[in-house]
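As the structure is a prediction and not an experimental result, all values here were calculated from the model.
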Amino acid sequence: MPRNLFALTLAGVIVALSVLLMPSDASRISEPAAWVGAPFELLWGLALLCVLPRKAARRASVAMAVLLVVLLAWKLADIVARTAYWRTFDPLADWRLLASGWNVLTQSIGTGWSLGVLGALILLLVAVGWLSAAGLYLASRLGQRNRLRTAALWGGVGAVCLGGGVIDQEIGERSASRFVAEHVELSRHNLEALASLKIELGKDALASMPSNRLMTQIKGQDVLLLFIESYGRSALDAPEYSGVVRARLEAIERSLGSAGYEAYSGWLESPTVGGQSWLAHATLLSGLWIDSQRRYEWLVESPRLTLNRLFQRGGWRTVAAMPANTRPWDEASFFGYDTVYDASNLGYEGKPFNWVTMPDQFTLWSLYQRELAVTRSQPVMIEAALISSHAPWTPIPTLKAWDHLDQGRAFDQEADSGDPPRVVWQDPDRVRRQYLKSIDYTLKTLGSFVTEFQKTRPIVVAVGDHQPASIITGSEATRQVPMHIMAPTGNSMLLLAKRWGWTQGMIPEARLLPMTMAAVRDRLVMGLQPPGR
């Protein structure tokens, strides 16, 4: 065989072998031992090619190369899912996230760079496919003078590799067949979990509760439910963040006291990590564990009563503020809002902060002007997303004087400041510093808002939607997030949190057991019934 063909053969086989053995966890790619496996699939594939006629072997090589490209794409998707969401990729459900992922990427690094990343990925997959097809075909022709003997050799070595994988389970678990089997099992399990969700929906004790018994202990009071993006327990516990975050929470606690407010705090268990905030919103509001896109899509087609609808039945005007939404939000009708604010109608006229359409300070200011400062006949229940702490965590605004926001134009200079995400994200330590700044900004803004805008003395509930990605938390973090209830001293919401055993103040005790996010709806509504019932 000519040297150039031999080099092509060797390169193709090495590429195919690398795809089969490549770890699907980014943290293990740099470990040589993680690439040791039992590639019996490749060896048996070569054995099959050896016994096939030339034309059939060429077609079979192409088919194998296509499978290798699919496997590589699958493993790359797994790496992204593990890094961002702390879980493996579900091929039956996660393809629905492509549009959301593309939106975040383009808003973070720009359309041009995003297209460059996409182009590089496509080139990689094409190169792997072409090299694998050529290399496997040429390798199968090396022993064409005695094809059966060569096939037996490849098959025998493959059997030895399979046996080695059976004996050494750690090596066996790294096989491509095991990888595919585990993901198929995951999809099957998710389908079974979806079936159990349908059963849970028929067991809603709150569906028949009369409206005159809904949240009567806080009747007539405005309520704000604020989801803080990427605000997880690691922000309070990890050494690189806890000093700043705990100091900020202590400062908020002091300011609350001077304003006649108190706080109670606890831990919640979130159904998601690193992203897909809507799963956390849906879990808390529906009282059901919504940890996948399929469960979410089934939920929003169901008649389940959300916390918003229960407030609505109890006499509240219900409002949603989703400043990240730049497209129509079809699911809004399920959750039950009288009014929905998004990026288009909150009145922001400043520049966006990459993916973050507007700073949290403007979102809260706009809600106050539109809902809390106006005279109306009924109290308001507002659910809002605070998104300044969303990845890529750059640039980050600073707190301005509330009466000098100039429809958001006051933030324009900061929106163009600092390095872009593609520069910041080259340094993991810098990413973590930016994350800390973003959480500190949102908490500072929240504390200032609660103490300065008290016209109606609202109850404010602030909850983290999920932990950030593992680049921020490390690999050993929990799924827990803080929840803070801030209300005028003696308010029934504070007394309810006290009955739950939560910690007085803004910093939950470490020993507190977390409440599942799915339990909040029922425990809140049942706990605020008329006294003595």
Using salt bridge (charged side-chain N to carboxylate O under 4.0 Å, His left out) as the criterion, point out the one residue from Lys351, Lys400, Arg409, Lys437 that pairs with Glu414. Lys400
Could you check Thr326 against Asp342 for side chain to side chain contact (heavy atoms under 4.5 Å, CB included), going step by step and ending with a plain yes or no? CA-CA 7 Å; Thr326 58; Asp342 59 20; over 6 Å; no
Grab the two heavy atoms, one from Tyr264 and one from Ala497, that are nearest each other, plus how far apart they are. CB-CB, 3.6 Å
Pairwise distance OG(Ser492) to CD1(Ile218) - rounded to 0.5 angstrom: 8.0 Å
Heavy-atom neighbours of Gln413 CD exceed 12 at 6.0 Å: no
Shortest non-hydrogen contact from Gly266 to Leu512? CA-CD1, 4.2 Å
Would you say that Glu301 contacts Phe334 through its side chain, given a criterion of any heavy-atom pair below 4.5 Å between the two side chains? no
For Tyr261 against Pro458, the heavy-atom pair lying closest together: OH-O, 2.7 Å
Could you tell me whether the side chain of Met483 reaches within less than 4.5 Å of the side chain of Trp502, counting heavy atoms only? yes
Would Val431 and Val424 count as a side chain to side chain contact (heavy atoms under 4.5 Å, CB included) if you check the C-alpha gap in whole Å, the side-chain angles of each, and the deciding distance to 0.1 Å? CA-CA 6 Å; Val431 175; Val424 172; 4.3 Å; yes
Report yes if the side chains of Trp329 and Trp278 come closer than 4.5 Å at any heavy-atom pair, otherwise no. no
Cut-off 3.5 Å, side chains only: do Arg370 and Ser366 have a donor facing an acceptor? yes
When the ring planes of Phe411 and Tyr348 are compared, do they come out parallel, tilted or perpendicular, using 30° and 60° as the limits? tilted
Measure up the Trp402 and Phe449 rings against each other and bin them: parallel (under 30°), tilted (30 to 60°), perpendicular (over 60°). tilted
Here the pair of heavy atoms bringing Gln467 nearest to Ala477 is NE2-CB, 3.8 Å
Run the side-chain hydrogen bond (donor to acceptor under 3.5 Å, both in side chains) test on Tyr296 and Glu331 for me, step by step, so that the C-alpha distance in whole Å, both residues' side-chain angles and the decisive distance to 0.1 Å come before the verdict. CA-CA 10 Å; Tyr296 177 82; Glu331 301 97 300; 3.2 Å; yes
Rounded to the nearest 0.5 angstrom, the CZ-CG distance for Arg457 and Asn491 is 10.0 Å
As a quick check of understanding, evaluate side chain to side chain contact (heavy atoms under 4.5 Å, CB included) for Asn308 and Gln312, giving each step before the final call. CA-CA 6 Å; Asn308 317 82; Gln312 196 176 51; over 6 Å; no
Side chain to side chain contact (heavy atoms under 4.5 Å, CB included) between Met506 and Met486: does it pass, once the steps are laid out? CA-CA 9 Å; Met506 290 293 292; Met486 295 162 276; 4.0 Å; yes
Write down the atom of Ile439, the atom of Ser230, and the distance for their closest heavy-atom approach. CD1-O, 3.8 Å
Can you check whether Asp360 reaches Ile387 side chain to side chain, under 4.5 Å on heavy atoms? yes
Can you tell me how far OG1 of Thr456 sits from CD of Glu371, rounded to the nearest 0.5 angstrom? 11.0 Å
What are the two closest heavy atoms between Asp204 and Arg521, and how far apart are they? OD1-NH2, 2.6 Å
Do Arg317 and Asp222 sit within salt-bridge range, that is, some charged N less than 4.0 Å from a carboxylate O? no
Is there a side-chain contact between Leu372 and Phe453 in this structure, where contact means two heavy atoms from C-beta onward sitting under 4.5 Å apart? no
Between NE2 of His390 and CG of Asp465, what distance do you get to the nearest 0.5 Å? 8.0 Å
Spacing of OG1 belonging to Thr363 relative to CG belonging to Leu386, to within rounding of 0.5 Å: 7.0 Å
Pair Trp365-Tyr368, ring pair (Phe, Tyr, Trp, His ring centres under 6.0 Å): steps then yes or no: CA-CA 5 Å; Trp365 178 86; Tyr368 178 78; 8.8 Å; no
Check whether any side-chain heavy atom of Ile471 sits under 4.5 Å from a side-chain heavy atom of Trp425, and report yes or no. yes
Residue pair Ser277 / Glu229, side-chain donor-acceptor N/O under 3.5 Å: yes
Evaluate the side-chain proximity of Ile396 to Gln434: yes if any heavy-atom separation is below 4.5 Å, no if none is. yes
Separation of Met215 CE from Arg313 CZ (nearest 0.5 Å): 10.5 Å
Run the salt-bridge test on Arg295 and Asp291 with the 4.0 Å N-O cut-off and return the result as yes or no. yes
Tell me, do Pro397 and Val356 make a side-chain contact under 4.5 Å, heavy atoms counted? no
